[in-house]
Number of protein chains: 4
Amino acid sequence: MSDEEDLIGGGDLSSDEGSNSGNAAASRLRSFVERVERIEVVQKALAEDKKEVYAEAKGAGFDTKALRKIVSERKANADDLAEFESILDLYRHALGMI
Amino acid sequence: MSDEEDLIGGGDLSSDEGSNSGNAAASRLRSFVERVERIEVVQKALAEDKKEVYAEAKGAGFDTKALRKIVSERKANADDLAEFESILDLYRHALGMI
Amino acid sequence: MSDEEDLIGGGDLSSDEGSNSGNAAASRLRSFVERVERIEVVQKALAEDKKEVYAEAKGAGFDTKALRKIVSERKANADDLAEFESILDLYRHALGMI
Amino acid sequence: MSDEEDLIGGGDLSSDEGSNSGNAAASRLRSFVERVERIEVVQKALAEDKKEVYAEAKGAGFDTKALRKIVSERKANADDLAEFESILDLYRHALGMI
DNA sequence: CCCGGCGTTAATGCAC
DNA sequence: GTGCATTAACGCCGGG
């Protein structure tokens, strides 16, 4: 079993097991983990931005619950439009007509 | 700290740590776990029943995807009716009108 | 709108209600849909029961998150769990986490 | 229906469009909603990026479930994790699982 | 300041 | 084996 396969099969693995630069699989693993973590940093920042917008709206006297509802309904409407074209066929299928 | 509190605070606990019948907290823990598990047995059975209904419908020539869509829409319609009365007020709130 | 007509929330499902086959299909469809819905009523009740058990356990001082993990561990196959843990250790080593 | 009119999918939001205050409120509302939606567009893109990273890792032979757990472990506070594990062990002992 | 409710998101199981 | 539908977990938010 190669080093590459070790990460899956359960063999021993470390980032610096006496070798000079660690093995390739560990390096790739680290790369994947760090890419995910970098994305999550940005996600966290965006979540805070959104919270800030809602807080600002609340400060301006709007009902945040209602605001959230509107946003979600606009999203739902967009989704509905995208799928509306297939609904009639779907119902015909439901009746075994096609 | 009593045995009762041990389950929370991190003290040592076992179902028969030398005593004759185990302690009360362990007994209650077991009770909760088993109640959950009994419920989950029934849930699993119901999920299989539902699968069976869909399989039967499919055998009768119906499109199961369409069928599921219909069921979910009926559910959504029921929910919509339940919440529809509050939507207008919600929007008025959104506009800061009330 | 009567119950008969309220199959999908508006209008008749069958587009050719004068024919026998169309009505028969609609009738069978209705039967399947209602069977599913009856099952889902019970499923909903069971979900609430489970929530109630966890709430009760919480009221008794147990950590519900830990409780849920315990339940899931009892479900999981011991061998699978051990294998998964070995993969985790492998990754942790590769990242220098241990 | 123009973009201007399509605030919530049908009809004007403002019930008194002749007044200044109603229009102003609707305008501010629109602004908040659009700011939120712009953020959500980016959030959606980031979620897809993350999925892509995991898919790529899976393609490279890594166990994505383990990968996700690693990421979450790196996020979690070590002390909290240890405390939670001790609670788990407590419960496991109480149930005779270990 | 804690609590329960809710909305979102990840995980599991299923059908194809 | 891949995509999807359901289900459970998580974190945020508003109220008491």
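Residue numbers start from 1 in every chain, and the chains themselves are labelled A, B, ... in the order their sequence lines are given, proteins ahead of strands.
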Nearest whole angstrom, please: distance from the [atom2] of [N] to the [atom1] of [X].
X: C:Asp63; N: E:dC3; atom1: CG; atom2: C1'; answer: 15 Å
X: A:Ile39; N: E:dA10; atom1: CD1; atom2: P; answer: 11 Å
X: C:Lys44; N: F:dA8; atom1: NZ; atom2: C1'; answer: 16 Å
X: D:Leu46; N: E:dA10; atom1: CG; atom2: P; answer: 12 Å
X: D:Tyr54; N: F:dT2; atom1: OH; atom2: P; answer: 19 Å
X: B:Asp49; N: E:dC14; atom1: CG; atom2: P; answer: 14 Å
X: A:Glu48; N: F:dC13; atom1: CD; atom2: C1'; answer: 15 Å
X: C:Lys69; N: E:dA10; atom1: NZ; atom2: C1'; answer: 14 Å

Open item on the list: Can you see whether C:Tyr54 has C:Arg68 sitting over its ring - NZ or CZ less than 6.0 Å from the centre and within 45° of the normal?
Closed with: yes
Contact class for [X] (heavy atom, under 4.0 Å): base, sugar-phosphate, or nothing?
X: D:Lys58; result: nothing
X: C:Gln43; result: sugar-phosphate
X: A:Thr64; result: sugar-phosphate

- [ ] State plainly whether the residues B:Lys75 and C:Glu40 are in salt-bridge range, i.e. N to O under 4.0 Å.
- [x]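 Salt bridge flag = yes for C:Glu40 with B:Lys75.
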Open item on the list: Heavy-atom nearest nucleotide on DNA chain F for A:Lys50 versus B:Lys65: which residue maps closer to 5'?
Closed with: B:Lys65
TODO: Taking C:Arg92 for its side chain and C:Ile98 for its backbone only, find out whether a donor-acceptor pair lies under 3.5 Å.
DONE: no
TODO: Please answer whether the main-chain N or O of C:Asp63 pairs with a side-chain N or O of D:Tyr91 as donor and acceptor at a distance below 3.5 Å.
DONE: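 Pair found, side chain donor or acceptor close to backbone of C:Asp63.
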Task: First encountered from the 5' end of DNA chain E, between B:Lys51 and A:Ser72 - done: A:Ser72
Open item on the list: Is the phosphate of E:dT12 approached by C:Lys75 (side-chain N or O, under 4.0 Å from OP1 or OP2)?
Closed with: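 Checking C:Lys75 against E:dT12: no side-chain N or O falls below 4.0 Å of OP1 or OP2.
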- [ ] Check every atom of F:dT6, E:dA11, F:dG14 against the side chain of D:Arg68 and return the nucleotide holding the closest atom.
- [x] E:dA11
Open item on the list: Tell me whether the count of non-hydrogen atoms from other residues, nucleotides or ligands lying under 6.0 Å of NZ in D:Lys50 goes above 12.
Closed with: yes
